[in-house]
*Asks:* 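Can you read through this structure? Questions will come right after.
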There are 2 protein chains.
Amino acid sequence: MKLASNLQEQVASHLRRRILSGQLLPGTPLREQTLALEFGISRGPIRDALLHLTKEGLLVAKPNVGVKVAAEPSGFKRHVIVHLRREIEASAITAWFETRDPHLLRRLDDNLALYREACGGSDLGQVVELDMAFHRLIVETADKGSLVDLWLPIMLRMFLRYSRHRDLMESYHEHASIVRAMHAGREWEALEALKSHIV
Amino acid sequence: MKLASNLQEQVASHLRRRILSGQLLPGTPLREQTLALEFGISRGPIRDALLHLTKEGLLVAKPNVGVKVAAEPSGFKRHVIVHLRREIEASAITAWFETRDPHLLRRLDDNLALYREACGGSDLGQVVELDMAFHRLIVETADKGSLVDLWLPIMLRMFLRYSRHRDLMESYHEHASIVRAMHAGREWEALEALKSHIV
DNA sequence: CATTCGATGATTGTTGACAAATGACAATAG
DNA sequence: CTATTGTCATTTGTCAACAATCATCGAATG
């Protein structure tokens, strides 16, 4: 977990985690003044953070009214999002198989160990964080990480409904399958495992 | 061209147009104070606008340093972007063929007329605007427009290199082909025309 | 009784001043 | 001669006060 030096990023990270872990439910309004009091800072950085999260799709804004936590994507939209995520992450994995840089494999192994541990625990925020970090590691390897800013908003919208319909341990095993196929050098198998993991 | 009531959107629109039309080249730094003087307003709304454009992918920001116009996407990234755009717009067209609402056809026809005219003229900003509006109309019809916020950042990144390698009149005819297929009710043909248009 | 109009309170939008961080360059020590 | 340190100008980051806008609710009106 990285520590940002500027307030707006700290606020954004904090709120992002609270939304993704389900502590802030869709529809919950977020007021600038309230948050400013809560964080003990002025409204400026709060505004910046809310603007960030709005563009990331976690909040929706109405001019002169305020922001609230975004609704979970509809069935149709979610269907499109699934395809987009698959496209991006599959491209990244395909690119990785060109070089098979072992550095990524080491970091994925590390992440897997932490992820398994977190899935057993009760801190859902930690689980979300590690799940996201896993996929981010994959996306970051391709094209010097240039896909991340394209991938992040899509990923975040999907994770808006993280807590539901999800068996954490099964999710861990799916991650493990992907990494196993990469270790073994079987590209097709890795892509299939990825595809069936993203639903 | 819509006129926003709040300053940040006016500034964002203005800068967006200048970037997409090639008046602001990749790498050009944008300073808050300079822009504030230029627009005759304070730095607050400027900050908001720059944050918007950064999240849209048109600018890149470095903390405590500032923002500059984003570089054109690399070959690899562009390849992914093309696939994503195709996926989104194809989904929208497929959804439209479920209802075949004639309202969209009328608006596309209107857009085509203006687009043809603009392609003959010299105002590249106008051409970009109408090209974008064409695709936006398509995306907006599906799922009550919920795909737009997903689609826009992808579209904008692609349009960062709008001016180059492009025959405007050919672009018009490709638009026309798509609309013609939709009028005729030929879904496969429309999807193929769309796919070959987005490259 | 339904509807429109206007006052009111809450909330965002905007501003200008001040604080903090950064990068460039020159002075200095090894 | 190189590397380090200190200073300075520039630019972003933060703050608190003020203005503009919107939603709510109640009263007047048809």
Side-chain angles (χ1 to χ4, degrees), chain A residues 1-19 24-71 145 149 152, chain B residues 1-19 23-71 145 149:
Chain A
M1 174 178 165
K2 55 182 178 291
L3 200 49
S5 63
N6 53 352
L7 293 178
Q8 57 172 286
E9 261 311 320
Q10 292 177 40
V11 173
S13 296
H14 185 252
L15 290 177
R16 200 182 288 119
R17 188 157 30 242
R18 290 191 60 182
I19 294 171
L24 289 171
L25 296 176
T28 307
L30 298 181
R31 316 210 186 288
E32 297 179 358
Q33 185 60 50
T34 308
L35 292 171
L37 263 299
E38 192 177 324
F39 284 98
I41 60 180
S42 79
R43 276 178 52 216
I46 302 285
R47 270 182 81 81
D48 292 349
L50 295 182
L51 220 51
H52 264 113
L53 296 174
T54 299
K55 282 292 181 177
E56 286 173 356
L58 293 181
L59 304 175
V60 289
K62 218 168 127 186
N64 290 305
V65 173
V67 303
K68 61 182 181 183
V69 179
D149 55 332
L152 191 62
Chain B
M1 172 178 162
K2 54 181 178 295
L3 199 49
S5 62
N6 53 354
L7 294 178
Q8 57 173 286
E9 261 311 320
Q10 293 178 39
V11 173
S13 296
H14 185 253
L15 291 177
R16 200 182 288 118
R17 187 156 33 242
R18 291 192 60 183
I19 294 171
Q23 293 173 41
L24 289 171
L25 296 176
T28 308
L30 299 181
R31 321 223 178 273
E32 297 180 358
Q33 186 60 49
T34 308
L35 292 171
L37 264 298
E38 191 177 325
F39 284 97
I41 61 180
S42 78
R43 273 178 53 215
I46 302 284
R47 269 182 81 81
D48 292 349
L50 295 183
L51 219 51
H52 264 115
L53 297 174
T54 299
K55 283 292 182 176
E56 285 173 356
L58 293 181
L59 304 176
V60 289
K62 213 168 132 187
N64 291 305
V65 173
V67 302
K68 60 183 181 181
V69 179
D149 55 333

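These numbers come from the heavy atoms of this one structure, side chains and all, not from hydrogens, waters or symmetry mates. Reminder, nothing fancy here: chain letters follow the sequence lines and each chain counts from 1.
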*Asks:* Which nucleotides of nucleotides 11-24 of chain C have their base under 4.0 Å from a protein heavy atom (B), which only their sugar-phosphate (S), and which neither (-), written as one string 5' to 3'?
*Replies:* SBBBBS----SSS-
*Asks:* Can you find a pair of side-chain heavy atoms, one from A:His14 and one from A:Val11, that are under 4.5 Å apart?
*Replies:*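 No - every pair of side-chain heavy atoms lies 4.5 Å or more apart.
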*Asks:* Is any side-chain heavy atom of A:Leu35 closer than 4.5 Å to a side-chain heavy atom of A:Leu15?
*Replies:*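 The answer is yes, as the side chains (C-beta and beyond) meet within the 4.5 Å cut-off.
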*Asks:* Between the axis at one end of the helix from C:dC1-D:dG30 to C:dG30-D:dC1 and the axis at the other (five pairs apiece), what's the angle to 10 degrees?
*Replies:*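 Inter-axis angle at the termini of the helix from C:dC1-D:dG30 to C:dG30-D:dC1: 20°.
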*Asks:* Can a donor-acceptor pair be found, under 3.5 Å and without considering hydrogens, that links the side chain of B:Thr28 to the backbone of B:Leu24?
*Replies:*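 Not a single qualifying donor-acceptor pair exists.
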*Asks:* Any carboxylate oxygen within less than 4.0 angstrom of a Lys/Arg side-chain nitrogen, looking at A:Arg43 and A:Glu38?
*Replies:*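 Between A:Glu38 and A:Arg43 there is no salt bridge, as every charged N stays at least 4.0 Å from the carboxylate O atoms.
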*Asks:* Given side chains that start at C-beta, do those of A:Leu25 and A:Val69 come closer than 4.5 Å, heavy atoms only?
*Replies:*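 A:Leu25 does not reach A:Val69 side chain to side chain.
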*Asks:* Do B:Arg47 and A:Arg47 touch side chain to side chain, with heavy atoms closer than 4.5 Å?
*Replies:*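 Result no, sub-4.5 Å side-chain heavy-atom pair not found.
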*Asks:* Check whether any side-chain heavy atom of B:Lys68 lies under 4.5 Å from a side-chain heavy atom of B:Leu59, and answer yes or no.
*Replies:*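 SC-SC contact between B:Lys68 and B:Leu59 ruled out.
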